2 protein chains.
Amino acid sequence: MTKSKKTYHHGDLRNSLIVAAEQLLEQKGVAALSLREVAKVAGVSHTAPYRHFEDKNALLVGLAVVGYGRLADEMETCVNDQPDDPSKQLSSSLHAYIALARKHPQMTNLIFGGVLKNLCYEGDLAVESERAFNGLLRIILNGQEAGLYIEKETKELALLVWSIAHGFSMLITAGQMGELSDDEKATQMMVSNMGEMIINGIGHKNHNS
Amino acid sequence: MTKSKKTYHHGDLRNSLIVAAEQLLEQKGVAALSLREVAKVAGVSHTAPYRHFEDKNALLVGLAVVGYGRLADEMETCVNDQPDDPSKQLSSSLHAYIALARKHPQMTNLIFGGVLKNLCYEGDLAVESERAFNGLLRIILNGQEAGLYIEKETKELALLVWSIAHGFSMLITAGQMGELSDDEKATQMMVSNMGEMIINGIGHKNHNS
DNA sequence: ACCTGAACACCGTTCAAGT
DNA sequence: ACCTGAACACCGTTCAAGT
């Protein structure tokens, strides 16, 4: 019933290749992802991908753009869904970041694990990266304008928050968090606690300044 | 003059392979690291490594153990070098973590980028991982005993600090920090600021509780 | 324009054979 | 014990050829 799959010319091969690649990625990991197998899953010869991607690396970048785009979408949703509650924007962005990484661990590794040839962080990938970070920036700025956060440079606060969300995500993805990795509930609890600690700090407040 | 290099039996091939592997790793990245080339650099046939490592993955794990060991050493040094100043222990551990990642970006990718078969986070690698985290735990505990930090569970504070150090490191390594990646001085400034924000929080302190 | 099949250099891994 | 060389299945990439 779909309009593809009948013609000799595939029609939407570029996209089919990315879909197939993601399927294999989450199945077997970044290291075991081969261009030839992607082509086989997509139902074409192993040289067909070169019509749509210069390289294996170019396909991986294309796939990473999709993944990073999802992250950017999540960040924007956090801003738009609770436009009047900057505090909730921040906590939901933390939860969303980590939930997405937990849902697509291999995609997280692909984007941030250093497999992509570094030069390719220009172009579409850089666009999505900025879009995601701009979401975070806006969340912090909203909070600052509401008088919730200190007046330090917005970018510095955003980088701190990003580092926390990213670090926690990568540690879970890398299996460094022990039991926590598998425990959905405990993870969310931990994320909530971290959100609180970012706001209040871990220092004791018995100074009288 | 060295005692190796003369006998037919290499003597310390296991170690030579790891040294060669690290050299190639930082040179060409995780994705382009091949077992055959490692063997060639070490000066042996391409099947010789199988006497010392079950697998290509096993060699990578062996290499990662070395890298993770360095991180653990750094954390322990931070504790031992300033035994009476928990505050300095914390800030120096942050700086050390990020400096090491900046110095060995590809090693950081190897350890945390999801290339290693996950099951291998048992054994020696788990030992070094615990050693590093224990350093952080002790640093936080020292601060709590000195009355510097809140009385929340030590492990939670340590995980927060670890996430920040790790996230910032990975973002730099992945080229996500723009100009900052190359600017040594600006990076250190940013790390110092993050250290301060962890202690004091980013929330405005105009509540009168 | 889009796809294929043969070809090339390289890879990880196995195994019988050498010292 | 430790290392080698041939062999196998797989990989990324190129290219002349097909529709």
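All values derive from a computational prediction rather than experimental measurement. Order of the sequence lines sets the chain letters (A, B, ...), proteins ahead of strands, with each chain counted from 1.
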Peer 1: Is A:Arg138 salt-bridged to A:Glu145, cutoff N-O under 4.0 Å?
Peer 2: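 Judged by the 4.0 Å cut-off on N to carboxylate O distance, A:Arg138 and A:Glu145 do not form a salt bridge.
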Peer 1: Salt bridge between B:Arg70 and B:Glu22, side-chain N to carboxylate O under 4.0 Å?
Peer 2: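 Salt bridge between B:Arg70 and B:Glu22, a charged N being under 4.0 Å from a carboxylate O: yes.
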Peer 1: Stem list for DNA chain D, please, built from Watson-Crick and G-U wobble pairs under 3.5 Å and keeping only runs of at least 3.
Peer 2: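 Result, WC/G-U stems under 3.5 Å: C:4-8 with D:12-16, C:12-16 with D:4-8.
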Peer 1: With a 6.0 Å cut-off on ring centres, are B:Phe112 and A:Phe112 close enough?
Peer 2: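 No - the distance between ring centres of B:Phe112 and A:Phe112 does not fall below the 6.0 Å cut-off.
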Peer 1: In plain terms, say whether A:Glu128 and A:Arg131 are close enough for a salt bridge, that is, a side-chain N and a carboxylate O under 4.0 Å apart.
Peer 2: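 A salt bridge links A:Glu128 with A:Arg131.
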Peer 1: Please lay out, stage by stage, how A:Lys103 and A:Glu26 fare under the test salt bridge (Lys or Arg N to Asp or Glu O under 4.0 Å).
Peer 2: CA-CA 10 Å; A:Lys103 193 172 172 192; A:Glu26 290 299 342; over 6 Å; no
Peer 1: Distance alone, cut at 3.5 Å: any donor-acceptor contact between the side chains of A:Ser163 and B:His166?
Peer 2: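 A:Ser163 vs B:His166: no donor-acceptor pair found between side chains.
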Peer 1: Please report, rounded to the nearest Å, how far the C1' atom of D:dC2 is from the CZ atom of B:Arg14.
Peer 2: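 Atom CZ in B:Arg14 sits about 16 Å away from atom C1' in D:dC2.
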Peer 1: Quick one, give me the B/S/- string for nucleotides 5-15 of chain C, reading 5' to 3', where B means a protein heavy atom under 4.0 Å from the base and S means that only happens at the primed atoms, P, OP1 or OP2.
Peer 2: BBB---BBBB-
Peer 1: Check whether any side-chain nitrogen or oxygen of A:His52 sits under 4.0 Å from OP1 or OP2 of C:dC2, and answer yes or no.
Peer 2: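 Indeed not, no polar side-chain atom of A:His52 lies that close.
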Peer 1: To the nearest 0.5 Å, what is the distance between CG (A:Leu125) and CG (A:Leu60)?
Peer 2: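 Going from CG on A:Leu125 over to CG on A:Leu60, the span is 11.0 Å.
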Peer 1: Identify the residue among B:Ile198, B:Ile139, B:Leu136 that makes a side-chain contact (heavy atoms from CB on, under 4.5 Å) with B:Leu94.
Peer 2: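 Filter result, single survivor: B:Ile198.
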Peer 1: In whole angstrom, what separates A:Lys40's NZ from C:dT4's C1'?
Peer 2: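 After rounding, the reported distance stands at 16 Å.
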